[in-house]
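Take a look at the structure below.
If you read the sequence from its start, that first residue is 1, and numbering goes on from there. This one's a predicted model, so the numbers in the text were calculated from it and none came from an experiment. Read the numbers this way: they start at 1 and go in the same order the structure lists the ligands and their atoms.
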Amino acid sequence: MKTVRTRSELNECLDKVDRSRLGFVPTMGALHAGHLSLVKRAKEECDTVVVSVFVNPTQFNDPKDLENYPRDERNDLIMLEKAGADIVFMPDVKEMYPEPDTRVFDFGQLDKVMEGATRPGHFNGVAQVVSKLFALVRPAKAFFGEKDFQQIAIVKAMCEGLDQSPQIVPCPIVREADGLAMSSRNALLTPEHRAAAPDIYRAMKAGVEKMGEMTPAEVEEFVTEKINSNPLLEVIYFKIVDALTMMQVENWKDSEAIQGCAAVRAGNVRLIDNIRFV
Ligand code: AMP
């Protein structure tokens, strides 16, 4: 495994690589088994795998969140070596943004709801960094976790505006044994909030069970109340949406793919998760 920190070192490494068989996994580090599942999938489908580790400041709408975001470079490298990554790109902020990125992306309605509505500017920052990374790495395939369900729709929409774009490969959510979706932010939970957090997935699963007797709006309310009944958790939103447009659905028959997406505050930590309904 080669670790590089600059664009020119990355270019040098990629010079001899067959880009048509190149896979890419962008991450913000503090890696866990969810990230590694993407690396594993990339290895299965590609000859060479690049992983980037970069905490992208432009996607944080809250400076405190950026400051507190977990970082563990040494352990990340150990995990990536074990997982079989070929190249790790770990740039610093100056390397990624030699000049401020002032691009403004237009995602129509896609970024006006859920994460987009509650974290203003977040997806614009995601698009800035992902487009820069795609231009540098130029992979054939890029692997993204369904944990960040709306992000996949945003990245796909962003790719429509690019000359050359990789195939976006969505990968399933990896969960802890108790059902909590793995996240770098889980490390920031107090023991009490960590114990409460699996209630998010439990409530969403209970919501899926109610589909036969409730409308989507009723299930939204049911799941929201169930999560909020734990005093350590506070729902920011729980929305049942069309899996492509992210627009709320009125009936279960309105769409071929329907997802329930949640953001929940657990103490100082903001958690997201989602589940398939249809
Ligand atoms: P992050 O480091 O949080 O920006 O995540 C990097 C990539 O890993 C994104 O595509 C995430 O969706 C994905 N990811 C994060 N957590 C999980 C998980 N529990 N299961 C699957 N993929 C995940």
Side-chain angles (χ1 to χ4, degrees), residues 23-45 49-62 65-66 68-73 75-77 79-80 83 85 88-91 96 114-115 119 122-134 137 139 141-159 166-189 194 197-198 200-201 204 243 246 259 261-264 266 269-276:
F24 177 45
V25 180
T27 81
M28 298 207 298
L31 301 180
H32 50 68
H35 296 112
L36 299 185
S37 75
L38 307 188
V39 178
K40 182 163 175 268
R41 178 80 176 269
K43 275 183 70 72
E44 283 163 11
E45 296 191 17
V49 175
V50 177
V51 180
S52 63
V53 175
F54 177 63
V55 181
N56 172 39
T58 73
Q59 73 187 68
F60 284 81
N61 53 310
D62 172 359
D65 187 25
L66 172 61
N68 294 335
Y69 198 83
R71 290 167 170 86
D72 193 349
E73 212 176 82
N75 195 48
D76 289 347
L77 288 173
M79 288 173 85
L80 289 173
V88 182
F89 181 45
M90 279 187 164
M96 284 308 287
M114 301 195 292
E115 289 303 275
R119 299 184 68 190
H122 168 64
F123 284 129
N124 201 63
V126 168
Q128 288 176 341
V129 76
V130 173
S131 61
K132 276 172 177 283
L133 289 167
F134 281 1
V137 180
K141 293 186 179 187
F143 298 80
F144 287 85
E146 286 179 335
K147 158 92 179 352
D148 299 273
F149 195 78
Q150 195 176 2
Q151 173 171 277
I152 296 183
I154 292 285
V155 170
K156 282 184 176 166
M158 184 202 78
C159 282
Q167 181 192 336
I168 305 304
V169 184
C171 304
I173 301 176
V174 177
R175 298 181 179 282
E176 301 286 356
D178 58 15
L180 175 63
M182 287 192 183
S183 164
S184 305
R185 288 194 163 87
N186 292 352
L188 302 173
L189 293 166
R194 172 65 189 82
I200 301 167
Y201 185 51
M204 291 197 302
M246 304 296 132
Q259 204 81 5
C261 300
V264 176
V269 184
R270 191 179 184 286
L271 300 173
I272 57 170
D273 198 353
N274 62 83
I275 194 167
R276 177 141 194 190

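Phe149 is not listed as a side-chain neighbour of Ile272, based on a closest heavy-atom distance of 4.5 Å or more. Contact of the Met96 side chain with the Val129 side chain is registered, since non-hydrogen atoms from C-beta on lie closer than 4.5 Å. Within the 4.5 Å cutoff, the side chain of His122 has heavy atoms near those of the Val126 side chain. With contacts defined as side-chain heavy-atom distances shorter than 4.5 Å, the pair Ile168/Cys159 qualifies. Looking only at side-chain heavy atoms (C-beta outward), His32 and His35 come within less than 4.5 Å of each other.
When hydrogens are left out, the protein atom nearest atom 23 (C) of ligand 1 is Lys147 CB, 4.0 Å; that is the closest non-hydrogen contact. Closest protein heavy atom to atom 12 (O) of ligand 1: Asp148 OD2, 2.6 Å. In terms of protein heavy atoms, atom 22 (N) of ligand 1 is closest to Gly145 CA, 3.5 Å. Closest to atom 15 (C) of ligand 1, if we only count protein heavy atoms, is His32 CE1, 3.9 Å. In terms of protein heavy-atom proximity, atom 3 (O) of ligand 1 is closest to Tyr69 OH, 3.8 Å. Among protein heavy atoms, the minimum distance from atom 6 (C) of ligand 1 is reached at Pro26 O, 3.4 Å. Among all protein heavy atoms, the one lying closest to atom 20 (N) of ligand 1 is Val174 N, 2.8 Å. Shortest contact from atom 4 (O) of ligand 1 to any protein heavy atom: Met28 CG, 3.5 Å.
For ligand 1, none of its N or O atoms has an N or O atom of Phe143 under 3.5 Å away. Residue Met182 has at least one N or O atom closer than 3.5 Å to an N or O atom of ligand 1. Residue Thr27 places no N or O, backbone or side chain, under 3.5 Å from any N or O of ligand 1. Residue-to-ligand polar distances keep Ile173 apart from ligand 1: every N/O pair is separated by 3.5 Å or more. At a 3.5 angstrom cut-off on N or O pairs, His35 counts as close to ligand 1.
Across Phe24 and Val51, no two heavy atoms sit closer than the pair CE1-C, 4.5 Å. Of all heavy-atom pairs spanning Ala30 and Asp76, the tightest one is N-OD2, 3.0 Å.
Within the 3.5 Å criterion, the main-chain N or O of Ala181 finds a donor-acceptor partner in the side chain of Asn186. Side-chain atoms of Asn274 come within 3.5 Å of backbone atoms of Glu146 as a donor-acceptor pair (strictly under, hydrogens ignored).
Of the candidates Arg175, Arg185, Lys147, Arg175 is the only one forming a salt bridge (charged side-chain N to carboxylate O under 4.0 Å, His left out) with Asp273.
Among Cys171, Pro172, Pro170, Pro70, the residue whose heavy atom lies nearest to atom 21 (C) of ligand 1 is Pro172.
Counting heavy atoms closer than 4.0 Å to ligand 1, residue Leu38 contributes side-chain atoms (C-beta onward) but none from N, CA, C or O.
Look at Arg175 and you'll find every heavy atom at least 4.0 Å from all atoms of ligand 1. Heavy-atom separations between Ala33 and ligand 1 are all 4.0 Å or longer.
Each of the atoms 10 (O) of ligand 1 lies under 4.0 Å from some heavy atom of Phe144.
Annotation: side-chain hydrogen bond (donor to acceptor under 3.5 Å, both in side chains) contacts involving residues 51-62, sequence neighbours excluded, comprise Asn56-Thr58, Asn56-Gln59, Asn56-Tyr97, Thr58-Tyr97, Thr58-Gln128, Asn61-Arg119.
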